[in-house]
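Read the structure below first, then the notes.
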Amino acid sequence: MTATPDTTAMPRPAAPVRAAVPAATPQTSTLLHAPVIDWFAVHARDLPWRRPEAGPWGVMVSEFMLQQTPVSRVLPVYEEWLARWPRPADLAAEPPGEAVRAWGRLGYPRRALRLHAAASAITERHGGEVPQDHARLLALPGVGEYTAAAVASFAYGQRHAVLDTNVRRVLARAVSGVQYPPNATTAAERRLARALLPEDESTAARWAAATMELGALVCTARTPSCTRCPIAAECAWLAAGSPAHDGPPRRGQTYAGTDRQVRGKLLAVLREAVAPVPQAALDAVWHEPVQRARALDGLVADGLVEPLADGRYRLPLT
DNA sequence: GACTCGTGGAA
DNA sequence: TTTCCAAGAGT
């Protein structure tokens with residue numbers, strides 16, 4: 001286990017005091033790796049994007065769809081998507097509006113637009129092959145720190161810290177001894193995740209998938225099944241008596257009455273329509289004209305909706 | 001860092 | 001019924 005420097009600029013006077021995170025010693029790592037990886041070997045779900053035939057493109061599509069959306073709702077859309085667009089170039093060859101339509105009700109439809117844009121970039125810049133390099137993945141539209149690491153790790157077997165909400169929760173409990181991680185990912189969490197990463201590349205990739213799956217199936221947000229947990233004996237949170245979360249409340253998301261709800265209703269009309277939609281059809285989805293106009297303007301600004309010269313609207317052709 | 005951005009199922 | 005929350009990214 002190599003100690004990773006946590007700063008790139010070495011001379012730094014008055015380094016900030018770090019939170020008292022339990023040291024991720026080599027002993028801690030080796031203690032956790034085997035149980036979690038062995039558990040994964042037995043309990044991993046048979047998800048289509050984990051099968052060899054999915055390939056890097058399948059992995060990437062699944063990662064886009066799974067951003068803030070549960071597996072159960074992604075499954076059918078994923079299958080249709082890969083059947084229709086088996087390669088990035090297939091998707092890039094169609095208008096972005098078709099991606100938005102096929103996205104259906106997965107939510108956050110800008111992800112569909114970004115996946116289409118990513119497919120175009122892959123086609124143009126990478127010869128139609130999903131890049132392997134983390135930096136090149138990160139440069140694609142809609143690919144952030146998590147997704148770049150996930151594709152590099154799951155599709156190409158590389159060694160990366162894959163920090164999603166599941167992994168963050170597992171580490172918060174097992175190592176840091178708290179019920180929930182902070183609202184936003186911190187530098188301390190990244191340090192911890194990197195320190196816990198197995199040295200061996202393929203082991204690291206399995207560790208990433210295994211910790212994620214553990215968080216999804218056992219170490220869940222609401223009612224974790226600690227009796228089924230392979231590392232219950234090592235869990236700092238359990239050892240501390242499963243103390244309740246303290247600190248600021250985790251942000252709830254109100255939805256009713258927001259612009260997001262209005263945008264969703266507007267876009268739903270356009271997804272179902274086979275021809276451009278007249279203004280009146282959009283006016284019918286929301287009573288309040290100011291908010292309705294703001295939502296529609298936002299959709300146009302985002303490139304999710306295309307206004308026509310005759311006053312009608314449609315999903316974007318370009 | 002704080003916000004915004006959809007949707008629907010489960011507790 | 002209301003609340004929570006689900007493999008985040010971009011601004």
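All values reported here derive from a predicted model rather than from experimental measurement. Protein chains get the first letters and strands the later ones, always in sequence-line order, with residue 1 at the start of each.
Residue A/Leu113 is classed as having no contact, given no heavy-atom separation below 4.0 Å to the nucleic acid. Residue contacts shown for A/Gly107 include a base, since a base heavy atom lies under 4.0 Å away. Counting non-hydrogen atoms under 4.0 angstrom, A/Trp49 reaches a base of the nucleic acid. Counting any heavy atom pair closer than 4.0 Å across all strands shown, A/Arg294 reaches no nucleic acid atom. Among the atoms of the strands shown, only primed sugar atoms or phosphate atoms (P, OP1, OP2) are found under 4.0 Å from some heavy atom of A/Val143. Contact annotation for A/Phe64: no contact, since no heavy-atom pair falls under 4.0 Å across all strands.
Atom CD of A/Gln68 and atom P of C/dC4 are 16 Å apart (whole Å). One atom, CD of A/Gln261, and another, C1' of B/dC5, lie 14 Å apart when rounded to the nearest Å. One can place CZ of A/Arg260 at 10 Å from C1' of B/dC3, the figure rounded to the nearest angstrom. Look at CE on A/Met60: it is 13 Å from C1' on C/dA9, rounded to the nearest Å. Atom CD in A/Glu189 sits about 13 Å away from atom P in C/dG8, given to the nearest Å. Following rounding to the nearest Å, A/Leu267 (CG) and B/dT4 (P) show an atom-to-atom distance of 20 Å. A/Glu63 has its CD atom 9 Å from the P atom of C/dA9, to the nearest Å. Between A/Asp259 atom CG and B/dC3 atom P the separation is 16 Å, expressed in whole Å.
Nearer to the 5' terminus of DNA chain B, by closest-nucleotide assignment, is the contact made by A/Asp302 (compared with the other of A/Ser72 and A/Asp302). Judged by closest nucleotide on DNA chain C, A/Leu66 is the one of A/Leu138 and A/Leu66 placed further toward the 5' end. Each of A/Thr147 and A/Ala221 was matched to the nucleotide of DNA chain C holding its nearest heavy atom; the match closer to the 5' end belongs to A/Ala221.
For A/Arg105 and B/dG8, the shortest distance from a side-chain N or O to OP1 or OP2 is below 4.0 Å. Proximity of A/Arg169 to the phosphate of C/dA6: a side-chain N or O atom is located under 4.0 Å from OP1 or OP2. Between A/Arg263 and B/dG6, a side-chain N or O to OP1/OP2 separation shorter than 4.0 Å is present. The side chain of A/Gln67 places no N or O atom within less than 4.0 Å of a non-bridging phosphate oxygen (OP1 or OP2) of C/dA7. Contact annotation: A/Tyr146 does not reach the phosphate of C/dA9 (side-chain N/O to OP1 or OP2, under 4.0 Å). Between A/Thr165 and C/dA7 there is no side-chain polar atom (N or O) within less than 4.0 angstrom of OP1 or OP2.
A salt bridge is absent between A/Arg159 and A/Glu201: the closest approach of a Lys/Arg side-chain nitrogen to an acidic carboxylate oxygen does not fall below 4.0 angstrom. Salt bridge A/Glu94/A/Arg101: absent, no basic N to carboxylate O contact under 4.0 Å.
Not a single donor-acceptor pair under 3.5 Å links the side chain of A/Glu234 to the backbone N or O of A/Leu32. Remark: side-chain polar atoms of A/Arg173 are paired, donor with acceptor, to backbone N or O of A/Gln179 under 3.5 angstrom. Judged by distance alone, with hydrogens and angles left aside, the side-chain atoms of A/Arg271 form a donor-acceptor pair with the main-chain N or O of A/Gly104 at under 3.5 Å.
Side-chain to base pairing of A/Thr69 with B/dG6: one donor and one acceptor N or O lie within less than 3.5 Å of each other. A donor and an acceptor atom sit less than 3.5 Å apart, one in the side chain of A/Arg73 and one in the base of B/dT7.
Evaluated for a salt bridge (Lys or Arg N to Asp or Glu O under 4.0 Å) with A/Arg292, the options A/Asp297, A/Asp283, A/Asp259 yield exactly one hit, A/Asp283.
Using a 3.5 Å distance cut-off with no hydrogens or angles, the side chains of A/Tyr146 and A/Gln67 do not pair a donor with an acceptor.
In this structure, the nucleotide among C/dT3, B/dT7, C/dG8 sitting nearest to the side chain of A/Arg222 is C/dT3. The nucleotide whose nearest atom lies closest to any side-chain atom of A/Tyr180 is, among C/dA7, B/dG6, C/dC5, C/dC5.
For the C1' atom pair drawn from B/dG1 and C/dG8, the interatomic distance equals 16 Å after rounding to whole Å. The P atoms of B/dT4 and C/dA7 are separated by 23 Å, rounded to the nearest whole Å.
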